[in-house]
Amino acid sequence: MMKMEKTKKFVLLALTMVLVFSLAACGAQSGGDEDVVTYKAVTEPSFPPFDTTDEDGNIIGFDMDLMNAIAEDQGFKVTYEALAFDALIPALQAGNADIITAGMNAEDPARQAKVDFSKTYYDSALVVVVKKDNTTVNGFNDLTADMKVASQIGTTGADKTNELKANGQIKEAVILDAFTTCMLQLRNGDVQAVIIDKPVAESYVAKQPDFVKIVGEPEGAESYGFAVQKGNKELLDKINAGLQNMIDNGTYDALIEKWF
Ligand code: ARG
């Protein structure tokens with residue numbers, strides 16, 4: 001009995017190996033992996049859990065996992081490169097990249113004029129983050145003319161901060177390259193508040209509960225989408241189809257579970 005089982009297993013193993021090798025040979029002949037088109041995606045990775053880096057500097061996050069799942073589903077590959085947030089759309093326009101995976105608000109007409117967006121995959125809004133011991137600022141309306149407020153360059157948060165400055169509500173809009181630098185300035189007391197996307201603020205507060213807090217009600221609802229070059233319908237259709245499949249087959253929910 002035992003011996004039969006072993007023989008069976010061995011035969012199965014041998015058959016599997018023959019199959020794998022012949023498939024590999026087939027692949028090599030027809031070009032195989034080389035036929036799979038690879039797209040270049042760009043992001044700004046100081047925006048966890050959407051866009052961040054691991055200890056080795058690899059770009060990771062919810063956006064990358066979701067795009068990789070879409071790519072696998074639709075039979076393409078993606079590589080990722082980091083840029084400043086305000087350089088992402090120009091990179092697409094210049095033809096230096098194919099996809100933006102950056103927690104980017106897709107509902108901005110100025111952006112829609114420059115790139116095409118996929119169906120949206122995450123609803124968000126802006127919040128105010130202050131130091132834990134701040135007792136005067138309890139929301140957007142409590143920001144005052146003596147305060148400096150930081151945001152990341154090119155973002156909806158920066159739009160809001162610039163608007164507060166233009167209205168004379170705050171003293172200075174401090175527009176910085178990375179979200180992490182905004183938080184550093186808050187820690188140092190160089191700014192009194194940071195305006196940033198709610199899910200990113202929540203993830204930061206969860207890691208640094210003794211240092212910062214979110215105050216007041218969120219403002220400016222937005223929804224994130226992936227961007228492609230204007231008119232790249234072929235790629236956009238693949239991304240939209242893959243995104244829908246990932247929602248339908250539970251991968252999207254599993255990734256939300258993983259990252260949030
Ligand atoms: N959602 C905001 C926007 O679209 C901020 C995105 C920042 N993303 C990033 N990867 N740094 O402007």
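Each ligand, and each atom within it, is numbered from 1 in the order the structure gives. Along the sequence shown, the residues carry numbers beginning at 1.
- For the atom pair CZ (F85) and CD1 (I153), the distance works out to 11.0 Å, reported to the nearest 0.5 Å.
- Residue contacts with ligand 1, taken as heavy atom pairs separated by less than 4.0 Å, involve Y224 solely via side-chain atoms from C-beta onward.
- Closest heavy-atom contact between G154 and D86: CA-CB, 4.2 Å.
- Relative orientation of the F226 and Y121 rings is parallel, given thresholds of 30° and 60° on the angle between their planes.
- The protein non-hydrogen atom at the shortest distance from atom 5 (C) of ligand 1 is D197 OD1, 3.5 Å.
- For Q152, a nitrogen or oxygen atom sits less than 3.5 Å from a nitrogen or oxygen atom of ligand 1, counting backbone and side chain alike.
- Both F211 and I196 are part of a single hydrophobic cluster, where members link through side-chain heavy atoms under 4.5 Å apart.
- Residues satisfying the ring pair (Phe, Tyr, Trp, His ring centres under 6.0 Å) test with Y252, not counting sequence neighbours, are F62.
- In the vicinity of F85, heavy-atom distances shorter than 4.0 Å reach the ligand 1 atoms 3 (C), 4 (O), 6 (C), 7 (C), 8 (N), 9 (C), 11 (N), 12 (O).
- Residue contacts with ligand 1, taken as heavy atom pairs separated by less than 4.0 Å, involve D51 solely via side-chain atoms from C-beta onward.
- A salt bridge (charged side-chain N to carboxylate O under 4.0 Å, His left out) check over residues 204-232, counting only residues at least two apart or in different chains, returns the pairs D116-K230, K160-E219.
- Distances below 4.0 Å separate heavy atoms of R111 from the following atoms of ligand 1: 3 (C), 4 (O), 12 (O).
- Protein heavy atom in closest approach to atom 11 (N) of ligand 1: E44 OE1, 2.8 Å.
- Listed by number with element, the atoms of ligand 1 under 4.0 Å from a non-hydrogen atom of M104 are 4 (O).
- Here atom 8 (N) of ligand 1 lies nearest to A102 when heavy atoms of A102, A84, G103 are compared.
- Between F50 and ligand 1 there is no heavy-atom distance shorter than 4.0 Å.
- A single hydrophobic cluster is seen to contain both Y80 and V37, as judged by linkage of ILVMFWY side chains at heavy-atom distances under 4.5 Å, directly or through other members.
- Not less than 6.0 angstrom separates the ring centroid of F117 from the ring centroid of Y224.
- By the 3.5 Å distance cut-off applied to N or O atoms, E222 is counted among the residues near ligand 1.
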